[in-house]
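So the structure is just underneath, and the comments pick up after that.
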Amino acid sequence: MEYKASEVENKWQKFWEENESFEPKEDYTLDKKYILSMFPFPSGRLHMGHVRNYTIGDAFARFYRQAGKNVLHPIGWDSFGMPAENAAIKNGAHPKQWTYDNIDYMRSELSRLGLSFSKKREFATSDELYTKFEQGFIIDMYEKGLMYSKTGLLNWCENDQTVLANEQVVDGCCWRCDTPVVKKEMNQYYFKITDYSDELLNDLNKLEDGWPKQVLTMQENWIGKSTGLEFDLHFDAASKTKLNNAFEKFDVFTTRPDTIYGVSYCALAPEHDIVTYMLENNLLPNEVSAEIKKMKNASSIDRQKEKAGVPLNISVVHPLTGASIPVWIANFVLMDYGSGAVMAVPAHDDRDYDFAKEYNLPIKSVIKPKKGELPIDKAFTETGILFDSGEFDGLKSKESQGKIMHHFDTNGLGKKVINFKLKDWGVSRQRYWGAPLPFIHCEDCGLVMEKKENLPVALPEDIEITGEGNPLDHHPTWKYCKCSQCGKDAIRETDTMDTFVQSSWYFLRYTASPSIWKEKAFDKKELDYWMGVDHYIGGIEHAILHLLYARFFTKVMRDLGYINTDEPFNHLLTQGMVLKDGTKMSKSKGNTVDPDALVEKYGADTARLFILFAAPPTQELEWNDSAVEGAFKFLKRFADRSKNAYETEIIPSINHGMLSKTEKAARNKVYEALERANEVFAERHTFNTLIAGVMEAMNALNEQDNADVWTEGYWIISSIIEPIVPHLCWEVADKLFKRKNFSPAEVLQEVFTVDTLC
RNA sequence: GCGGAUGUGGUGAAAUUGGUAUACACGCUAGACUUAGGAUCUAGUGCCGCAAGGCGUGGAGGUUCAAGUCCUCUCAUCCGCACCA
């Protein structure tokens with residue numbers, strides 16, 4: 001058989017399309033598999049990262065289909081977002097037009113790769129039907145107290161003209177455009193993700209078997225739970241007077257209560273209420289005020305460069321010793337963690353030590369190592385034995401912590417508390433191409449929800465996009481509406497939602513059979529059947545953002561009564577990047593390989609084969625043009641040697657004992673490949689070794705000329721690499737076996753017995 | 001600084017539980033066929049050495065009959081977090 005890739009691929013793509021071969025069955029008694037690759041943003045064209053992502057997912061989907069499972073393998077478009085607006089600003093294209101044109105083009109690209117998606121379940125998150133249900137959830141969440149608005153200092157990107165969530169600030173810069181993020185005070189809507197801090201952390205345990213450890217660790221660190229002592233520090237009389245008796249005290253948090261006798265100063269964040277009060281009431285010398293203002297205005301990167309602070313010339317009383325402790329302002333104290341104030345123990349904390357050295361503050365050691373001496377020129381930050389610590393002398397750090405916290409508690413001085421680094425998720429964006437928040441501002445009723453029957457609150461299409469300000473706010477009529485409660489004139493909220501909201505529930509929407517799409521977002525029975533996603537495949541860059549938000553949303557949906565699932569993704573496979581010349585492929589570096597050109601030249605099967613053969617999926621993949629060529633040659637050979645097999649609709653039965661040595665060796669390799677394929681799909685996911693096994697089998701078959709052995713070999717091989725090389729395998733298997741071989745073959749142990757006679 | 005990962009031929013990589021290190025492929029060398037070959041096929045290809053032989057999984061130790069795999073230390077690279085009190 002001569003190998004004409006485009007002919008074979010067109011033929012079978014047409015066949016699959018006409019036969020709707022990849023639609024899941026709506027029979028919920030069958031064994032299911034839900035295979036999902038992260039859906040793409042419709043940027044215009046596919047890149048190699050997409051090809052890798054969808055090839056991996058497709059391999060799983062096709063494997064499980066052969067294994068008789070009912071497979072849900074959907075695709076859609078994460079289609080809201082700023083690039084659409086940026087294109088509008090740059091080229092004058094309407095964001096909607098730009099987006100849906102891109103989707104049409106990229107859909108055809110995906111189809112040419114032979115990916116076995118359910119076509120009927122495809123949607124874009126910018127579809128009004130999707131927005132409608134999403135806005136419904138927002139209303140539910142608001143009513144359940146899981147959403148609120150507040151004014152605060154927010155991360156603002158000047159370039160994108162919008163706020164960013166904490167997770168979207170990378171190294172002090174915007175995650176999308178790398179512009180340094182500045183702080184801006186504005187009103188913002190938040191999801192109360194912190195209500196789920198503990199559950200999001202604890203449920204990571206449930207994912208231990210299915211998720212990469214690295215991702216679990218990253219999420220754990222991001223949630224950042226720490227347990228410690230919170231207590232008040234009271235001002236002395238003179239300080240209270242100085243503060244016009246406006247403040248009595250402030251509270252601090254420490255995870256090292258065992259070091260409390262070593263406190264020699266304490267420090268407030270420059271943004272702390274007491275500092276603000278002192279500034280506003282001119283209680284500080286001019287040069288000190290100036291210094292504080294400078295600290296507050298410094299970028300987060302500058303602020304980290306070196307420790308700086310100023311004394312406030314006020315003091316608090318040590319809660320245990322009664323000693324007087326000076327209060328400073330320090331640039332390293334974070335306002336948004338704990339209470340924005342810390343007790344400083346320079347002898348046992350690196351930061352406090354550096355600061356004390358800088359400003360000549362006293363350093364008092366109270367913990368000594370179990371063995372050896374205290375270091376002379378740095379802080380001793382490990383645990384040890386307490387000394388100069390009153391009644392707690394001689395105790396080990398660990399046991400003293402409990403006792404000290406208990407002492408604070410019973411004497412009403414403070415209490416044990418748990419702090420999280422995780423912050424609430426700010427979701428308002430001051431942009432056009434996003435899902436509008438379904439909120440209305442009424443002069444009489446305040447903030448009210450749009451009525452559910454009026455959803456969706458859709459975007460206006462006659463819009464002017466200039467890059468200046470929020471286009472919805474500038475629209476002549478859109479924001480004027482009636483209050484949903486009292487009917488009076490009111491104003492719509494013009495902020496749209498973070499696009500991560502849409503990707504937080506799209507995998508739930510896919511479970512809905514298209515027949516119910518218009519009535520509801522999804523159906524509980526269908527969710528129960530399909531969720532969780534058995535294999536979720538995507539880039540490691542989503543380790544925190546998307547994967548944390550999606551977990552949060554799943555728990556919220558559960559608590560709103562929509563579903564019974566705790567965790568959305570049973571198994572997560574994080575694919576490695578596609579590199580060329582040692583660096584990530586990118587347009588700016590000019591080292592991209594265009595998937596279309598690759599498919600044009602060699603066909604989709606070659607592209608798929610190479611991409612799975614070159615490296616295990618979790619590792620980086622270095623592009624190599626001649627190795628692509630090699631993959632193509634293998635397929636040509638595979639097509640050509642199929643002439644050695646004969647047509648049959650049952651697997652040949654072979655008397656193994658009667659075979660020659662090379663014939664036995666060939667069968668041995670074939671069945672080894674079969675065993676390995678089963679293992680690879682079930683556990684190891686190292687498709688490169690599966691392919692190597694198939695190549696070995698081909699090489700071994702080539703060493704002999706028994707037609708039965710060849711036929712058996714093709715029966716098995718064309719079935720096990722069908723998930724990877726689908727078009728050619730369907731062609732070969734159709735010609736030879738009427739595709740009767742597309743179901744798992746039995747592993748015959750006899751072929752593995754070592755033949756001692758020859 | 002903290003956390004995680006990775007180090008194997010010229011290259012991408014394999015070795016699943018400690019059991020023949022380098023499977024499979026790329027590249028390279030030689031040959032066959034050919035008007036020609038960037039097609040196809042055959043043979044070879046870890047390093048040193050004419051050979052016998054020796055040496056080889058970042059480095060140094062250790063456990064073991066046996067170590068790429070386990071333990072200790074160390075070096076390098078990559079990734080994530082980064083003043084979280």
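Each chain gets a letter, A, B and so on, in the order its sequence line appears, and its residues count up from 1.
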Exercise for review: Could you tell me whether A:Phe60 and A:Phe687 have their ring centroids closer than 6.0 angstrom?
Suggested key: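 Yes: the rings meet the under 6.0 Å criterion.
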Practice item. Assess the pair A:Phe613 and A:Phe634: is the distance between their ring centroids shorter than 6.0 Å? Key: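 So the answer is no for these two rings.
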What is the nucleic acid contact for [X], judged by heavy atoms within less than 4.0 Å: base, sugar-phosphate only, or nothing?
X        : value
A:Asp354 : nothing
A:Gly630 : sugar-phosphate
A:Glu679 : base
A:Gln304 : base
A:Val333 : base

Exercise for review: Please list all pairs passing the side chain to side chain donor-acceptor pair (under 3.5 Å) test where one or both residues lie in residues 259-269 of chain A, with sequence neighbours left out.
Suggested key: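 As it turns out, there is no side chain to side chain donor-acceptor pair (under 3.5 Å) pair with a partner in residues 259-269 of chain A once direct neighbours are skipped.
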Exercise for review: Determine: side-chain N/O of A:Gln214 to OP1/OP2 of B:C79, distance under 4.0 Å, yes or no.
Suggested key: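 So the side-chain polar atoms of A:Gln214 never come under 4.0 Å of the phosphate oxygens OP1 or OP2 of B:C79.
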Exercise for review: Provide the distance between the two C1' atoms, one in B:U64 and one in B:G19, to the nearest whole Å.
Suggested key: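 The answer is 12 Å between these two C1' atoms.
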Would you call [X] and [Y] a salt bridge, taking side-chain N to carboxylate O under 4.0 Å as the test?
X        : Y        : value
A:Arg637 : A:Asp640 : no
A:Glu622 : A:Lys580 : no
A:Asp258 : A:Lys398 : no

Exercise for review: Starting from P on B:C83, measure out to CE on A:Met295 and report it in whole angstrom.
Suggested key: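 Atom CE in A:Met295 sits about 16 Å away from atom P in B:C83.
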Find every protein N or O atom lying less than 3.5 Å from an N or O atom of nucleotides 37-42 of chain B, and list the pairs.
unit_1 : atom_1 : unit_2   : atom_2 : d
B:A39  : OP1    : A:Lys633 : NZ     : 3.3
B:C41  : OP1    : A:Arg641 : NH2    : 3.1

